[in-house]
Each structure stands twice: as structure tokens, then as C-alpha cells.
Novice: 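Before I ask anything, let me first share the structure, which is written out below as C-alpha cells.
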Amino acid sequence: MDGPEGPAGPELVVVLAEPRTPGNVGAVARAMANFGLSRLRIVAGVPLDEDSYKRALHAAPILEEARRYDDLEAALEGLDFVVGTSGITNLNDKRHVRNALTPAQLSERVAPMEGRVGLVFGREDYGLYNEELARCDVVVTVPTSTEYPVMNLSHAVAVLLYELNRQVPLPHETIKASEAERDRLLAAFDDLLDVTEYPPHKVANTRVMLRRIIGRSTLSEWEYHTMMGVVQRAVKRIRRLEERKGGPWDED
């Protein structure tokens, strides 16, 4: 029986309707593993082969545990909310059963849900039939170029899973350098300009440029300490050389 994917949010289940390329199924499994999913349901379609496992790489267990179904209705059993995917927007009401959401809109809608959410992907050459889309609670499409709108199956899966996982916090949040630390780094650069006898007429503009660069870069604590170490080491080295030789750049 399918189990929960994580401690919070809905359980996401990927459903492939009649996939026609074994390698694509393996690539889908790999994309699922990238985002921490493991529940894969396959409706009919081609059998898995060596290429499937080769493209899945370390996601082979997802293929091994994938559940097979004869029809889509059976594959949707036990799902609380069903999302259909389409590579074509709703420009013709005769071709599409409802307006499609973007992945970002879907993410906002799904985030507060509980239970199992099925993400249904259609055939590589045709997608989901109208009657299959009608069975879904919502339809989602990835905005793409009008000249070539249909994505590779595994790419579409990866884009959708990325968007659905955007609200999950990163395991280790980057600690940014404080304003005081940025000021100390700028002071260290001032020391470097001084000991290297940087041309006086260029000092003011160079200081402004350095402040702007550091201000735009959003330095992390680690980056700050690394840069500070490099600059301070250079300043200390130059000053020691000056003391040994009797003055700035004295070669005698």
C-alpha cells in the first residue's frame, strides 16, 4: 500500500497514462527521486527494460516498486485530488474541457491540502484524452513557446515537481553577512588600496565601485570571511615586506 511521502503537505503520486518509451519512464523516476517522491503508478503502456533502469540511475527502486494498472480509473483509486496535465492551452473549447492552471497556481492550491494528490501525465505523442482530462479535478500546463509547446515527458514532470516543492524550506538556510561585516570588508579594501599605493586620483571612485559590488552581491557569512581573510593576508604580507626593506617598494 502507498505510504506517506513526508511529515507535511499532501502525498504526491505520479501517474503515467500509457507511456510509450521505456527510457522516459526511467527518466521520470529519476526526476521523482530528485524531489523526494517514490510513488509511481503506470497505466498499461510499454514494459520496463534495460534502458528504463539505465536512465533511472539511483532511482531504480521507484521502478521496482511502481504499481501497474489496466486503466486510468483503477490507477486513480484512493487519490483525494487528481491533477491532469496538458501541453496545449485552452484555445479551443472543443479540444479542452477546462481552463488550465500554471504550475505556480497549482502549487498554491495544493500546498494546504492533505491526503493524496495524483499528478497524471499522458502519452508522449498525444497526452491525455479529453475524457481523461474530464476525470481530473484540475488541469495544469507548463507555459512554453507557442512554436514548440509540447515538452518531453520527464522534463514536464521535473518542472511540475519543482514548482510543487518550492514552498519546502531548504535544509540549510544561507546566513547572510551583516551590514557591519560588509563595512569591515570595505575598510579592509581601503587598507589594501593604501598599502599598494593605489593612484590617489582613482581611490574615491574605486571605493564607490567596491561598495556597489559588495552591496549587490548579498554576501554570505562564509563568503565574507573568505574574502576578508584574503584581503587581510595580502595587507599583512605587504606591510611585513615594507618593514624588512625599509619602506614601500624599496628594492635596495
Side-chain angles (χ1 to χ4, degrees), residues 1-19 24-45 48 56 58-87 89-90 96-123 127-143 151 153-171:
M1 178 177 288
D2 291 342
E5 291 288 342
E11 173 190 349
L12 301 179
V13 179
V14 174
V15 181
L16 301 183
E18 300 182 4
N24 278 344
V25 180
V28 167
R30 181 175 180 178
M32 290 173 61
N34 287 148
F35 294 97
L37 275 68
S38 62
R39 310 304 177 190
L40 175 62
R41 301 182 181 187
I42 304 174
V43 180
L48 303 180
H58 300 297
I62 294 178
L63 297 181
E64 294 167 356
E65 297 175 10
R67 307 181 96 185
R68 284 276 186 176
Y69 298 85
D70 294 329
D71 57 69
L72 181 62
E73 195 60 38
L76 300 183
E77 184 178 352
L79 300 179
D80 301 295
F81 190 76
V82 179
V83 179
T85 60
S86 175
T89 56
N90 193 10
H96 299 282
V97 294
R98 59 168 65 85
N99 291 319
L101 301 176
T102 65
Q105 291 170 329
L106 177 67
S107 180
E108 292 178 359
R109 184 162 179 177
V110 168
M113 291 183 178
E114 296 181 355
R116 292 175 179 167
V117 173
L119 308 175
V120 186
F121 296 86
R123 304 151 191 85
L128 294 172
Y129 300 134
N130 268 355
E131 57 269 25
E132 294 170 333
L133 289 171
R135 173 62 181 80
C136 301
D137 296 301
V138 296
V139 175
V140 64
T141 187
V142 178
M151 300 180 70
L153 175 60
S154 63
H155 295 175
V157 172
V159 169
L160 191 54
L161 294 185
Y162 164 76
E163 195 66 48
L164 290 171
N165 278 271
R166 284 184 65 185
Q167 299 188 44
V168 178
L170 294 175

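No hydrogens, no waters, no symmetry mates; every other heavy atom, side chains included, goes into these values. Just so you know, these numbers come straight off a predicted model, no measurement behind them.
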Novice: Any heavy-atom pair between the side chains of Pro143 and Pro103 that's under 4.5 Å?
Specialist: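 Yes - at least one pair of side-chain heavy atoms lies under 4.5 Å apart.
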
Novice: Take Thr85 and Thr141, measure what side-chain contact (heavy atoms from CB on, under 4.5 Å) needs, and give me the verdict at the end.
Specialist: CA-CA 6 Å; Thr85 60; Thr141 187; over 6 Å; no

Novice: Report yes if some heavy atom in the side chain of Val140 is under 4.5 Å from a heavy atom in the side chain of Leu160; otherwise report no.
Specialist: yes

Novice: In the structure I gave you, are the side-chain heavy atoms of Leu119 and Leu164 within less than 4.5 Å of one another anywhere?
Specialist: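 Touching, per the 4.5 Å side-chain cut-off.
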
Novice: Please say whether the positively charged group of Arg109, taken as NZ for Lys or CZ for Arg, lies over the ring of Phe81, i.e. under 6.0 angstrom from the six-membered ring centre and within 45 degrees of the axis.
Specialist: no

Novice: With Arg30, which residues qualify under salt bridge (Lys or Arg N to Asp or Glu O under 4.0 Å), at least two apart?
Specialist: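 Testing Arg30 for salt bridge (Lys or Arg N to Asp or Glu O under 4.0 Å), a comparison that skips the adjacent residues, returns none.
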
Novice: In Å and rounded to the nearest 0.5 Å, what is the CG to CG distance from Asn165 to Leu37?
Specialist: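 Here the rounded value is 7.0 Å.
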
Novice: Could you go through Glu11 and Val117, starting from their C-alpha distance and side-chain angles, then the distance that decides it, and tell me whether this counts as side-chain contact (heavy atoms from CB on, under 4.5 Å)?
Specialist: CA-CA 6 Å; Glu11 173 190 349; Val117 173; over 6 Å; no

Novice: So how far is it from Arg68 CZ to Ile42 CD1, rounded to the nearest 0.5 Å?
Specialist: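 Atom-to-atom, Arg68:CZ and Ile42:CD1 are 4.5 Å apart.
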
Novice: Please round to the nearest 0.5 Å and tell me the distance separating atom CG of Leu101 and atom OG of Ser86.
Specialist: 12.0 Å

Novice: Below 4.0 angstrom, N of the basic side chain to O of the carboxylate: do Glu132 and Arg123 qualify?
Specialist: yes

Novice: Would you say that Leu16 contacts Val25 through its side chain, given a criterion of any heavy-atom pair below 4.5 Å between the two side chains?
Specialist: yes

Novice: Please report the interatomic distance CG(Asn34) to NE2(His58), rounded to the nearest 0.5 Å.
Specialist: 11.0 Å

Novice: Within the side chain of Asp137, is there an N or O that forms a donor-acceptor pair under 3.5 Å with the backbone of Val82?
Specialist: yes

Novice: Heavy atoms only: give me the nearest Met32-Leu161 pair and the separation to one decimal.
Specialist: CA-CD1, 3.9 Å

Novice: What closest approach, in Å, do Arg135 and Leu76 show between heavy atoms, and which atom pair accounts for it?
Specialist: CG-CD1, 3.6 Å

Novice: Within the structure provided, determine whether Leu153 and Phe121 are in side-chain contact (heavy-atom separation under 4.5 Å).
Specialist: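 The answer is yes; the side chains approach within 4.5 Å.
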
Novice: Are any non-hydrogen side-chain atoms of Val83 and Cys136 less than 4.5 angstrom apart?
Specialist: no

Novice: Any salt bridge linking Arg166 with Glu163? Criterion: basic side-chain nitrogen under 4.0 Å from a carboxylate oxygen.
Specialist: yes

Novice: Got Met151 and Val142 here, is their nearest side-chain heavy-atom distance under 4.5 Å?
Specialist: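 Result yes, sub-4.5 Å side-chain heavy-atom pair found.
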
Novice: Quick check: closest heavy atoms across Leu72 and Val120, and the distance to 0.1 Å?
Specialist: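 Leu72 and Val120 have their closest heavy atoms at CD1-CG1, 4.0 Å.
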
Novice: How far apart are the closest heavy atoms of Glu77 and Arg41, and which atoms are they?
Specialist: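 Minimum heavy-atom contact is O-NH1, 3.0 Å.
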
Novice: Please report the closest heavy-atom contact between Ile62 and Ser38, naming both atoms and the distance.
Specialist: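 Nearest pair, atom of Ile62 first, then Ser38: CG2-O, 3.9 Å.
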
Novice: How close do Ala56 and Leu63 get, counting heavy atoms only, and between which atoms?
Specialist: CB-CD1, 3.7 Å

Novice: Tell me whether Glu114 at atom CD has more than 12 heavy atoms from other residues, nucleotides or ligands lying less than 6.0 Å away.
Specialist: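 At most 12 heavy atoms, drawn from other residues, nucleotides or ligands, come within 6.0 Å of this atom.
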
